[in-house]
Amino acid sequence: MSLSKNHAKLITSLQQKKYRLKHKLFIAEGIKVVQELLESNLEVEHIFCTDETMRFEKGKVTIIKEPELKKISNLKTPNKVLAVFNIPKETPFDQGRKNVIIALDGINDPGNLGTIIRLCDWFGVEQLVCSNTTVDCYNQKVVQSTMGSITRINIIYTDLSKYLAETELPIYVADMVGENVYKTSLPNNGILVMGNEANGISSEIKELVNHRLTIPRFGHTQKTESLNVATATAILLSEFKRRLE
């Protein structure tokens, strides 16, 4: 078999958010990532593979040639498999759980979002709420960088200011001016808001925050301007979780 023009057109279109939303489909590439997603509850629409000896437990498989895979791949070095999955329906959050919820305010970089999703998986954070201005979690670069963790985190996109205004949970935000995270008490449940890479938390969100947390600088010169948002998320989550042990 070979790659049809219709399939090539569809897969290429899914690199854009508007077509992912229209078709309710997204792409994953590479043996490891695709296998991780196939082992989850996600529904697979179609698998395209250059290795006819490979076997998959579910999904329609089409064997294609390497030049065809390169034509539809978004990777510099395609790795044998590209699969099209159905975007799952959003699941309502359980606010009653004793756990930290991560909220993202305008995260733009797919790599940062992917890393944060992996961090949520690593630290047992099951719920991630994103502002409507945050990059789409089904962006192919996000999917690739999560390495399968996207299947284990409940992610919703919403009006973040409205969501925070209605919650009864304490709201924490990472801020350059705030309480030293190593010296302040932390709850076993609450919402931790992380802001945009360049501008931080929006003014609208700042008005809803109960607590501001700072990761202190220990360098002698004190000249480092800020931490990468994913790095800051890792440090703060580690501290929240350490207090529970």
Side-chain angles (χ1 to χ4, degrees), residues 88 90-109 112-137 142 145-146 149-218 226-245:
E90 289 186 351
T91 304
F93 273 13
D94 181 359
Q95 297 257 16
R97 290 186 182 180
K98 296 292 184 180
N99 206 337
V100 178
I101 294 172
I102 297 294
L104 303 180
D105 182 20
I107 299 299
N108 288 330
D109 184 81
N112 282 335
L113 178 55
T115 300
I116 290 171
I117 292 171
R118 289 188 72 187
L119 287 168
C120 288
D121 192 16
W122 182 269
F123 285 105
V125 175
E126 298 174 355
Q127 305 186 119
L128 176 65
V129 56
C130 301
S131 69
N132 290 320
T133 55
T134 291
V135 63
D136 178 22
C137 66
V142 177
S145 61
T146 70
S149 289
I150 195 170
T151 66
R152 294 182 286 274
I153 308 300
N154 186 15
I155 305 170
I156 67 165
Y157 282 76
T158 189
D159 181 332
L160 186 58
S161 59
K162 184 175 184 293
Y163 173 83
L164 295 176
E166 294 175 350
T167 187
E168 296 181 0
L169 295 174
I171 303 170
Y172 289 77
V173 66
D175 198 315
M176 293 297 289
V177 180
E179 296 180 78
N180 184 332
V181 67
Y182 302 121
K183 296 181 178 180
T184 189
S185 60
L186 298 172
N188 59 5
N189 67 332
I191 300 174
L192 175 61
V193 185
M194 305 302 295
N196 175 267
E197 292 89 343
N199 304 311
I201 304 297
S202 63
S203 57
E204 188 177 16
I205 299 300
K206 281 184 178 180
E207 294 178 1
L208 301 169
V209 170
N210 308 122
H211 310 277
R212 288 175 168 78
L213 297 175
T214 293
I215 301 169
R217 289 177 289 191
F218 294 98
S226 63
L227 289 172
N228 168 275
V229 64
T231 301
T233 302
I235 294 169
L236 293 172
L237 273 181
S238 179
E239 197 61 18
F240 267 92
K241 292 296 183 176
R242 186 180 70 85
R243 306 295 179 90
L244 299 178
E245 298 300 327

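Since this is a predicted model, take the numbers as computed values, not measurements. Hydrogens, waters and symmetry mates are skipped; everything else that's a heavy atom, side chains included, is used. Sequence positions, counted from 1, serve as the residue numbers for this chain.
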- Atom CD of Glu204: over 12 foreign heavy atoms under 6.0 Å: no
- Query: If we only count heavy atoms from C-beta on, is the Val125 to Lys241 side-chain gap below 4.5 Å?
  - Reply: yes
- Query: Counting distance only, does the side-chain N/O of Asn154 pair as donor-acceptor with the main-chain N or O of Thr91 below 3.5 Å?
  - Reply: yes
- Query: Is Glu179 salt-bridged to Lys183, going by a charged N under 4.0 Å from an acidic O?
  - Reply: no
- Item | Contact check, side chains of Ile102 and Leu119, non-hydrogen atoms, under 4.5 Å | no
- Message: What I'd like to find out is whether the side chain of Asn196 reaches to under 4.5 Å of the side chain of Asn108, using heavy atoms alone.
- Response: yes
- Student check: side-chain heavy atoms of Leu164 and Val209 closer than 4.5 Å: no
- Shortest non-hydrogen contact from Val229 toward Gly195: CG2-O, 3.6 Å
- So CG of Asp121 and CD1 of Ile116: to nearest 0.5 Å the spacing works out to 14.0 Å
- Task: Drop me the distance from Cys120's SG to Leu237's CG, to the nearest 0.5 angstrom.
- Result: 6.0 Å
- Message: Enumerate the ring pair (Phe, Tyr, Trp, His ring centres under 6.0 Å) contacts for residues 182-207, please, sequence neighbours excluded, ordered by first and then second residue.
- Response: none
- Using the test salt bridge (Lys or Arg N to Asp or Glu O under 4.0 Å), find all partners of Asp109 that sit at least two apart in sequence or belong to another chain. none
- Query: Which atom names give the shortest non-hydrogen contact between Ile117 and Ile155, and what distance separates them?
  - Reply: CD1-CD1, 3.8 Å
- When every non-hydrogen atom of Ser145 is compared with those of Thr115, the smallest separation belongs to OG-N, 4.3 Å
- Message: If I take atom CD1 from residue Ile153 and atom SG from residue Cys137, how far apart are they, to the nearest 0.5 angstrom?
- Response: 11.0 Å
- Task: Give, for atom CG of Asp105 and atom OG of Ser131, the distance between the pair rounded to the nearest 0.5 Å.
- Result: 5.0 Å
- Query: Would you say Asn210's side chain and Ile171's backbone share a donor-acceptor pair under 3.5 angstrom?
  - Reply: yes
- Query: Hey, which of Val173, Ile101, Val100 is the one that makes side chain to side chain contact (heavy atoms under 4.5 Å, CB included) with Leu192?
  - Reply: Val100
- Task: Could you check if a side-chain atom of Leu236 sits within less than 4.5 angstrom of a side-chain atom of Met194, using non-hydrogen atoms only?
- Result: yes
- Task: Check step by step if side chain to side chain contact (heavy atoms under 4.5 Å, CB included) holds for Leu169 and Asn189.
- Result: CA-CA 7 Å; Leu169 295 174; Asn189 67 332; 3.3 Å; yes
- Query: Sub-3.5 Å donor-acceptor pair from the side chain of Thr214 to the main-chain atoms of Asn180, do we have one?
  - Reply: no
- Taking the six-membered ring for Trp and the single ring otherwise, decide whether the centroids of Tyr172 and Phe240 are under 6.0 Å apart. yes
- Message: Using 0.5 Å steps for rounding, measure from the OG1 atom of Thr184 to the CZ atom of Arg212.
- Response: 13.5 Å
- Listed partners of Glu207 passing side-chain hydrogen bond (donor to acceptor under 3.5 Å, both in side chains), at least two apart: none
- Task: Look up atom CG in Asn112 and atom CD in Glu197, then write down how far apart they are to the nearest 0.5 Å.
- Result: 4.5 Å
- Ile191 versus Tyr163, closest heavy-atom pair with distance: CD1-CE2, 3.8 Å
